[in-house]
Amino acid sequence: MRMAGDPSYLEPLNKEQRRAVLHTGKPLLILAGAGSGKTRVIKTKIAWLIREQGIDPRSILAVTFTNKAANEMAHRARKIDERAGNAMLRTFHSFGAWFLRRNGHLAGLDSGFVIYDDTDVVALLSSIMENTPKPEVKYFAHCIARAKDYFLSPDDSELALINHQKKFRDIYKQYEERMAQIGNVDFGDLIKKPAEILRSQPEVAKRFHDRFAVIMVDEYQDANVAQFHLLKELCSVSTYVCVVGDDDQSIYRFRGAEVKNILDFPNSFAGADIIRLEQNYRSTSPILQAASSVVNRNRDRLGKVLNAEKGDGPFPELTTHIDQYAEAEFCADKIEQSVKNKTTTWADWAILYRTNAQSAVFETLFLRRRIPYRVVGSFKFYEREEIKDALALLSFLANPRDEVAFRRVVNKPTRGVGPVTVHNIIQASITGSSNLAETSLTLQCSQKARAGLKEFINVIDNAKVLLGDHEDNTKDYTNNKYVKDVDVKRKRKKLELNGAIKKQELKPGKGLSICVHNLLINSGVAEYHAMEDEISGNSKIGNLQELLNAAIDYPNNREGLLNFLENIELDRNMKEETQNPQDTVTLITFHNTKGLEFKRVFMTGLEQGIFPREEKKDEELEEERRLFYVGATRAMEELYLTKCEQRTLYGKTMPMTPSLFLNEIDKSVINEIKKKNDFAFGITERGGWQSFGKPSSSGKGKDQDDYLWENKSFNPFQLTSAMKELEEVSGWRIGQRLFHENHGYGGVLKIKDSDDGPIVYVKFDNGQEKSFLSEYQSKAYEKIGDDW
DNA sequence: TAGTTTTAAGTTTTT
DNA sequence: CTTAAAACTA
């Protein structure tokens with residue numbers, strides 16, 4: 001197949017892949033089935049364009065749907081040619097943000113905008129729709145987001161297709177006006193606004209046409225209408241455009257993805273060529289056959305046949321379990337057994353589920369059984385109260401017109417600024433067209449509120465000085481005089497007594513973290529959460545510290561701040577990316593698996609109501625089928641399908657019926673195991689591991705000794721009488737081993753007295769330290785074994 | 001008003 | 001069962 005003179009990096013490609021890489025001229029649609037090597041094609045194509053076609057890397061734009069995919073693509077393309085690192089590899093949304101920072105002013109948008117996430121949008125909308133129940137506000141927020149996905153503005157006649165209520169148009173209009181006053185954007189704006197600017201400003205469009213000679217789009221089946229328009233506007237007659245996708249893997253209809261985009265590509269991009277990649281290199285034949293037999297039931301599809309390069313293999317195995325706990329145990333057993341006899345490593349395994357909530361059972365069990373795992377996606381980190389507070393302070397610092405951020409933190413901790421005052425300030429700010437910081441200082445209000453507002457604005461102003469004052473991020477500015485000026489001696493209440501803030505003090509690092517630290521301390525937000533920690537044994541300060549650490553890499557100036565906020569909004573998995581791949585089992589939703597592959601895969605919760613969800617019909621049911629297909633085709637060697645007879649949901653145990661997909665699947669390639677051997681010992685009716693007692697794997701002995709050995713800071717044989725008394729009062733002993741549902745195994749480090757009774761300090765085996773008041777001893781802390 | 005207690009309501013999937 | 005909203009008390 002190799003042609004004379006072909007570069008060696010083309011060698012691994014098959015005929016069709018090679019055709020796709022070498023294709024030039026007309027628009028190209030690559031229909032790439034699951035596991036057909038599309039990533040390989042894209043990265044090779046980028047390298048080939050640079051090396052053989054002499055294309056300037058800077059004039060290549062490659063768009064993906066996740067940041068992970070974008071990073072991965074960049075990494076792999078660079079391996080072939082270092083220059084590929086200069087190509088622009090971004091998600092649609094991050095490209096939109098990049099575009100708007102530079103060209104937003106053409107649509108009246110200041111470059112200092114902050115991106116609102118869904119919660120922020122709902123908060124803004126509920127201040128527009130006063131006295132409207134939250135669910136209704138959420139619904140309208142959803143409609144606005146969909147409208148933007150479909151590239152519809154408040155005046156568009158087609159708006160009724162999204163929501164036919166008359167008031168919707170009006171709400172949408174008000175929302176847009178308010179957003180414009182604030183000067184921020186939502187996710188939809190990141191796509192819609194750039195497309196509008198390009199469309200209405202030919203000279204801008206020309207600049208971009210000159211800049212990008214090549215545009216490639218991955219996962220094109222998940223592009224929405226607005227993204228289609230953006231792509232259209234970015235392309236001139238001379239732009240080489242290449243999109244890659246698979247209609248069978250379109251799983252984001254609910255957020256506006258239009259399969260029509262891919263089906264209609266040949267019409268919208270005249271003269272387009274189509275190349276099909278139908279050779280599957282990932283899965284064995286039975287796995288592919290099982291997956292295909294389900295998605296084949298769909299009507300709206302191009303239809304394709306995938307050939308399994310790998311050939312035969314073991315049949316996918318279907319098992320039934322009494323409930324989700326037994327299901328989890330089954331998975332754990334399989335994995336443990338295989339890893340123990342060295343057939344596989346932890347990282348070869350993935351557990352797939354439909355909803356994020358389903359991961360909890362696996363997490364708890366895996367902690368208990370000491371199975372290393374990582375949960376992909378659904379990082380609730382940035383949704384936590386304390387993190388949201390910190391980000392609101394930063395957002396308000398970046399944009400003093402940010403009403404949502406202002407509302408969130410102006411009275412936290414309480415400064416006597418009540419809802420009435422807040423409302424007045426926001427109204428006055430809108431009518432008087434001055435920002436919220438200025439308005440706060442000038443508006444007539446009560447004495448108490450005035451003082452509180454002054455204090456709050458002072459905090460922001462100090463941070464602003466800290467931020468704008470210098471460019472370098474090496475010098476320690478924590479003792480800056482502006483910091484000292486602020487009155488930090490706020491009422492400390494109980495806090496003063498037990499010195500909570502001192503114990504778990506936030507430490508500033510370098511760069512932007514100096515500014516973040518300054519804000520958290522001076523605003524009193526750090527104190528506020530430190531106190532909560534002390535009472536409930538949470539680790540909010542720890543979380544804030546993590547946020548601080550993340551800010552270290554950004555310069556301590558305005559640009560750094562904007563970048564930091566943008567990256568957090570656009571890449572929720574930011575933290576995970578930086579970590580090195582470890583040998584761990586992957587827990588992941590079906591949606592998140594797109595583009596990934598594992599040797600062995602569990603598809604769990606195959607029950608009506610869970611997967612497919614509720615009574616989905618027609619197009620929605622078809623989408624669930626595609627999701628099933630996506631999940632199944634992740635497996636390279638072995639696929640396990642599991643379902644439960646009953647499931648405990650929302651505290652209630654309900655009987656479950658098998659998933660519709662299990663009826664549709666080709667039974668001739670499935671190995672159904674009917675024996676029921678898992679009325680498992682240790683599982684109780686109320687669904688816990690009540691009778692577990694000690695963990696079977698050495699709850700006693702070595703582990704404990706290791707623990708004591710490592711913690712020489714105390715000597716159990718030299719306890720003072722006060723300490724012994726505390727042990728008695730609290731019911732805990734120093735050195736006591738314990739297990740916590742969320743944090744795993746650990747031991748009691750020390751016990752201290754406080755106004756609210758003894759506080760038990762725990763050090764977990766993963767290094768984390770937590771504390772809890774023994775009085776409110778949560779059952780989450782379970783004593784295990786005897787103490788040394 | 002601020003903070004606590006009681007009651008009700010709710011769970012896809014995500015850039 | 002957990003979280004958010006509503007009602008209540010100091």
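Letters go in sequence order (proteins before strands), and every chain restarts at 1. Keep in mind that this is a model prediction, so the values were computed, not measured.
Distance A/Glu219 CD to B/dT13 P: 19 Å, rounded to the nearest Å. The CZ-C1' distance, from A/Arg146 to B/dT13, rounds to 11 Å in whole Å. In this structure, the CG atom of A/Asn67 is 8 Å from the P atom of B/dT15, given to the nearest Å. Taking atom CH2 of residue A/Trp98 and atom P of nucleotide B/dT15, one finds them 22 Å apart after rounding to whole Å. The interatomic distance linking A/Arg625 (CZ) with B/dT13 (P) rounds to 21 Å, in whole Å. In this structure, A/Tyr353 atom OH and B/dT12 atom P are separated by 16 Å, rounded to whole Å. Taking atom CG of residue A/Leu649 and atom P of nucleotide C/dC1, one finds them 14 Å apart after rounding to whole Å. Between the CD atom of A/Glu623 and the C1' atom of B/dT13 there is a distance of 8 Å, rounded to whole Å.
Within the 4.0 Å cut-off from OP1 or OP2 of C/dA4, not a single side-chain nitrogen or oxygen of A/Lys134 is found. For the OP1/OP2 pair of B/dT1 and a distance below 4.0 Å, the side-chain nitrogens and oxygens of A/Asn411 include no atom meeting the criterion. Residue A/Asn224 places none of its side-chain N or O atoms closer than 4.0 Å to OP1 or OP2 of B/dT15. Note on A/Asn356: every side-chain N or O is 4.0 Å or more away from OP1 and OP2 of B/dT12.
Closest-nucleotide positions on DNA chain B for A/His591 and A/Gly416 were compared, and the one nearer the 5' end corresponds to A/Gly416. Both A/Thr589 and A/Gly418 sit near DNA chain B, but only A/Gly418 has its closest nucleotide nearer the 5' end.
For A/Lys232, the NZ atom sits in a packed shell: over 12 heavy atoms of surrounding residues, nucleotides or ligands are nearer than 6.0 Å. Environment of NZ in A/Lys138: sparse, with no more than 12 heavy atoms of neighbouring residues, nucleotides or ligands closer than 6.0 Å.
Here C/dC8 sits opposite B/dG3 as a Watson-Crick or G-U wobble pair (both hydrogen-bonding atom distances under 3.5 Å). Shown here, B/dT13 forms no base pair; nothing in the strands shown gives a Watson-Crick or G-U wobble contact with both key distances under 3.5 Å.
The listed nucleotides are B/dT15, B/dT12, B/dT13; the one nearest the side chain of A/Phe254 is B/dT13. Comparing B/dG10, B/dT1, B/dT14 by their closest approach to the side chain of A/Pro135 singles out B/dG10. Nearest to the side-chain atoms of A/Thr66 among the listed nucleotides B/dA2, B/dT15, B/dT12 stands B/dT15. Here the side chain of A/Tyr252 is nearest to one of B/dT14, C/dA5, B/dT12, namely B/dT14. In this structure, the nucleotide among B/dT12, B/dT15, B/dT1 sitting nearest to the side chain of A/Arg354 is B/dT12.
Scanning for side-chain hydrogen bond (donor to acceptor under 3.5 Å, both in side chains) contacts around A/Glu664 gives A/Arg625, with sequence neighbours left out. Considering only residues two or more places apart in sequence or on other chains, A/Gln221 meets the side-chain hydrogen bond (donor to acceptor under 3.5 Å, both in side chains) condition with A/Glu219.
Contact annotation for A/Lys652: no contact, since no heavy-atom pair falls under 4.0 Å across all strands. Using a 4.0 Å heavy-atom distance criterion, A/Phe65 is classed as a sugar-phosphate-only contact.
Residue ring and base: A/Phe187 counts as stacked with B/dT15 (centre distance below 5.5 Å, interplanar angle below 30°).
Look at the C1' atom in both B/dT12 and C/dA5: the space between them is 23 Å, to the nearest Å. Rounded to whole Å, the P atom of C/dA4 lies 15 Å from the corresponding atom of B/dT13.
With ring centers used as reference points, A/Phe590 lies 6.0 Å or more from A/Tyr353.
Between A/Phe611 and A/Phe628, the two ring planes are tilted [angle within 30° to 60°].
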